[in-house]
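Contents: one structure, followed by commentary.
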Amino acid sequence: MLRPKTKAVDLGGKPDLKDPDLYLHERHHEVFRKLRAEEPVYWNPEADGPGFWSITRYDDIEAISKNPKLFSSAKEMGGHRIFNENEIDGNSTEASMISMDPPDHAAYRRMVTPGFVPKRISGMEDRIRARVTRLLDNLPKTGEAEFISAVAAALPIEVLAELFGVPESDGAKLFEWSNATVGEDDPELRVSDEYLRQCLSEMAAYSAGLWQKRLAEPGDDLITMLAHSKIDGQTMSFPTYIGTFLLLVVAGNETTRNSISGGLLALSENPQERQKLIDNPSLIPSAVQEIVRWVSPVLHMRRTAAEDTEIRGQRIAKGDKVVMWYASANRDEEKWDDPYRFDVTRYTNPDVPTQLGFGVGQHFCLGSRLAELQLRILFEELLRRFPDIHVSGPIRRLRSNFIYGIKEMPVRYTPEA
């Protein structure tokens with residue numbers, strides 16, 4: 001189940017959007033700006049594949065996402081990443097719902113939907129606020145901290161542990177496995193193929209143990225829902241459960257963690273916007289949407305053309321890979337006024353387009369409300385208690401063409417008396 005390391009290709013001056021260094025060095029926004037203007041449906045050759053179409057405009061991504069009959073997410077068609085899942089995974093696991101099309105996707109999504117209904121999410125608010133309070137209480141009294149490990153990574157992993165019904169102490173392993181899974185192009189996270197195999201093996205054994213426990217002793221958690229829900233009278237197969245567990249581990253912390261860290265970075269770089277939130281905390285829900293738009297923590301998702309078609313007059317052949325770049329769509333000049341301005345008041349206007357950081361269509365992120373709740377509470381408490389908190393030195397980013405993440409970020413703040 002090892003995902004391949006990306007091989008960049010020299011395109012003679014044209015951009016290779018598959019190259020993780022493009023995002024590591026934060027050059028992608030200017031590349032996307034040019035492509036939206038000049039070549040919004042862009043053919044990207046590959047050193048280790050047939051090439052793919054890059055879609056960079058908001059309206060095209062929305063249309064593709066809402067047409068699964070024409071643009072498939074199915075694993076047998078290649079799945080949701082640029083590389084082909086069906087060629088890498090073989091038959092070791094069955095597809096999770098992110099690599100399914102309707103009606104299968106909807107059936108499996110219904111299995112976990114009860115875990116994310118509004119009443120259940122709102123019922124977690126007090127516990128999330130208590131976790132945030134404890135994490136902020138533990139910030140060093142020196143006024144300096146490494147924010148990712150202290151806060152941004154810790155909060156969503158603790159919340160994920162609650163969703164799984166496991167001890168918070170298990171969070172460290174969940175965090176490690178998630179990093180290894182999405183960090184195939186980062187040498188710090190994929191130390192070796194052997195290390196990645198070990199992580200995947202440990203995660204499979206851990207999730208199998210949870211499956212067996214919940215079959216014997218059901219609880220009120222996501223694992224119980226997966227173990228006991230049925231489709232057409234049949235429970236979820238164990239290989240599909242493993243794939244779904246992996247999806248929940250990654251989705252349950254990557255988007256939230258990197259929106260928290262990217263959000264604080266944006267507020268540090270735009271102190272006038274930070275002051276607006278300090279002066280008027282009621283703007284924080286709007287700021288949360290702007291943060292997700294601005295950060296675009298998931299850079300892309302992929303579909304495969306099920307039939308010959310066209311996008312903006314460009315012929316797309318059956319079987320072609322079609323990669324939707326959310327990071328580009330969230331800066332689309334046709335959708336937002338001044339999209340390169342970070343504006344915490346932007347989403348006080350109900351006519352502003354929905355940011356695509358959580359996707360769109362049938363694959364819209366099931367945990368978006370939970371992510372938004374964590375972001376809102378975190379910034380409410382953080383700015384109330386440490387209004388001058390800011391990034392105080394160089395950050396270190398994840399090397400990836402899939403997740404736009406920060407691995408390390410030093411901050412300074414005035415300690416509480």
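- Aromatic ring pairs are classed by plane angle as parallel below 30°, tilted from 30° to 60° and perpendicular above 60°; the pair Tyr241 and Phe245 is tilted.
- Gln362 places a side-chain heavy atom less than 4.5 Å from the side chain of Pro68.
- A heavy-atom distance below 4.5 Å is found between the side chains of Arg369 and Pro118.
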**Study point:** side-chain contact (heavy atoms from CB on, under 4.5 Å) between Phe364 and Leu356, worked out
**Key:** CA-CA 9 Å; Phe364 181 79; Leu356 296 186; over 6 Å; no

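- Between Leu248 and Phe164, some side-chain heavy-atom pair lies under the 4.5 Å cut-off.
- Cation-pi geometry between Arg303 and Trp53 is not satisfied (NZ or CZ under 6.0 Å from the ring centre, within 45° of the ring normal).
- No salt bridge links Glu269 with Arg341; every basic N to acidic carboxylate O contact stays at or beyond 4.0 Å.
- Taking the six-membered ring for Trp and thresholds of 30 and 60 degrees, Phe52 and Trp325 have ring planes inclined between 30 and 60 degrees apart.
- A side-chain donor from one of Thr240 and Ser237 sits under 3.5 Å from a side-chain acceptor of the other.
- No salt bridge links Arg399 with Glu188; every basic N to acidic carboxylate O contact stays at or beyond 4.0 Å.
- Note that CG of Asp338 and CZ of Arg331 are 11.0 Å apart. Values are rounded to the nearest 0.5 Å.
- Between Lys407 and Asp186, at least one side-chain N (NZ, or NE/NH1/NH2) sits under 4.0 Å from a carboxylate O, which counts as a salt bridge.
- A pairwise comparison of heavy atoms in Phe71 and Ala305 identifies CD2-CA, 4.4 Å as the closest pair.
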Check your understanding: So Asp185 and Ser400, side-chain hydrogen bond (donor to acceptor under 3.5 Å, both in side chains) or not? Walk me through it.
Key -> CA-CA 6 Å; Asp185 289 314; Ser400 174; 5.8 Å; no

Point to revise | Stepwise side-chain hydrogen bond (donor to acceptor under 3.5 Å, both in side chains) test for Asn401 and Asp19 | key: CA-CA 7 Å; Asn401 62 24; Asp19 183 359; over 6 Å; no

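- Arg33 forms a cation-pi arrangement with Tyr340, by the criterion of a distance under 6.0 Å to the ring centre and an angle within 45° of the ring axis.
- Judged purely by distance below 3.5 Å, without hydrogens or angles, the side chains of Tyr42 and Gln314 never pair a donor atom with an acceptor atom.
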Review point. Which is it for Phe379 and Ile291 under the side-chain contact (heavy atoms from CB on, under 4.5 Å) test, yes or no, and what are the steps along the way?
Key: CA-CA 11 Å; Phe379 283 107; Ile291 285 168; 3.8 Å; yes

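- Nearest heavy-atom pair across His105 and Met97 is CD2-O, 2.9 Å.
- In this structure, Met124 and Leu370 have side chains that are in contact, with non-hydrogen atoms separated by less than 4.5 Å.
- Residues Arg385 and Asp137 have side chains in contact (heavy-atom distance under 4.5 Å, counting atoms from C-beta outward).
- When each of Glu125, Glu381, Glu162 is paired with Arg131, the salt bridge (charged side-chain N to carboxylate O under 4.0 Å, His left out) condition holds for Glu162 and for no other.
- Among all heavy-atom pairs drawn from Pro156 and Ile260, the shortest one is CD-CD1, 4.4 Å.
- Looking at Lys335 and Asp332, no side-chain N of the basic residue comes within less than 4.0 Å of a carboxylate O on the acidic one, giving no salt bridge.
- The residues Glu202 and Arg197 are annotated as not salt-bridged, no charged nitrogen and carboxylate oxygen being separated by less than 4.0 angstrom.
- With salt bridges taken as basic N to acidic carboxylate O contacts below 4.0 Å, one links Arg129 and Glu380.
- Using a 4.0 Å cut-off between charged side-chain N and carboxylate O, Arg315 and Glu310 make no salt bridge.
- Ionic pairing of Arg190 and Glu184 is not present here: no N-O contact between side-chain nitrogen and carboxylate oxygen is shorter than 4.0 angstrom.
- What you find for Ser261 and Ile148 is that their closest heavy atoms are CB-CD1, 3.4 Å.
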Practice item. Apply side-chain hydrogen bond (donor to acceptor under 3.5 Å, both in side chains) to Asp170 and Tyr206, showing your working. Key: CA-CA 10 Å; Asp170 288 1; Tyr206 177 84; 2.7 Å; yes

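- By the 4.5 Å heavy-atom criterion applied to side chains, Glu254 and Phe402 are not counted as neighbours.
- The two atoms that bring Pro285 and Arg376 nearest to each other are CG-CD, 4.0 Å, heavy atoms only.
- Between His363 and Ser73 the shortest side-chain heavy-atom distance falls below 4.5 Å.
- By the 6.0 Å and 45° rule, Arg397 stacks over the aromatic ring of Tyr404.
- Looking at Met77, His80, Arg302, Glu76 one by one, the single match for side chain to side chain contact (heavy atoms under 4.5 Å, CB included) with Glu85 turns out to be His80.
- Smallest separation of non-hydrogen atoms from Leu22 and Asp16: CD2-O, 4.1 Å.
- Contact annotation: the side chain of Leu265 approaches that of Ile406 to within less than 4.5 Å [non-hydrogen atoms, C-beta and beyond].
- Remark: the Arg346 side chain and the Ser286 side chain contain no N/O donor-acceptor pair separated by less than 3.5 Å.
- Between the side chains of Gln289 and Glu372, at least one donor N or O sits under 3.5 Å from an acceptor N or O.
- Under the 4.0 Å criterion applied to side-chain N and carboxylate O atoms, Lys321 and Glu46 are assigned as salt-bridge partners.
- If you check the side chains of Ser54 and Asn44, you find no donor sitting under 3.5 Å from an acceptor.
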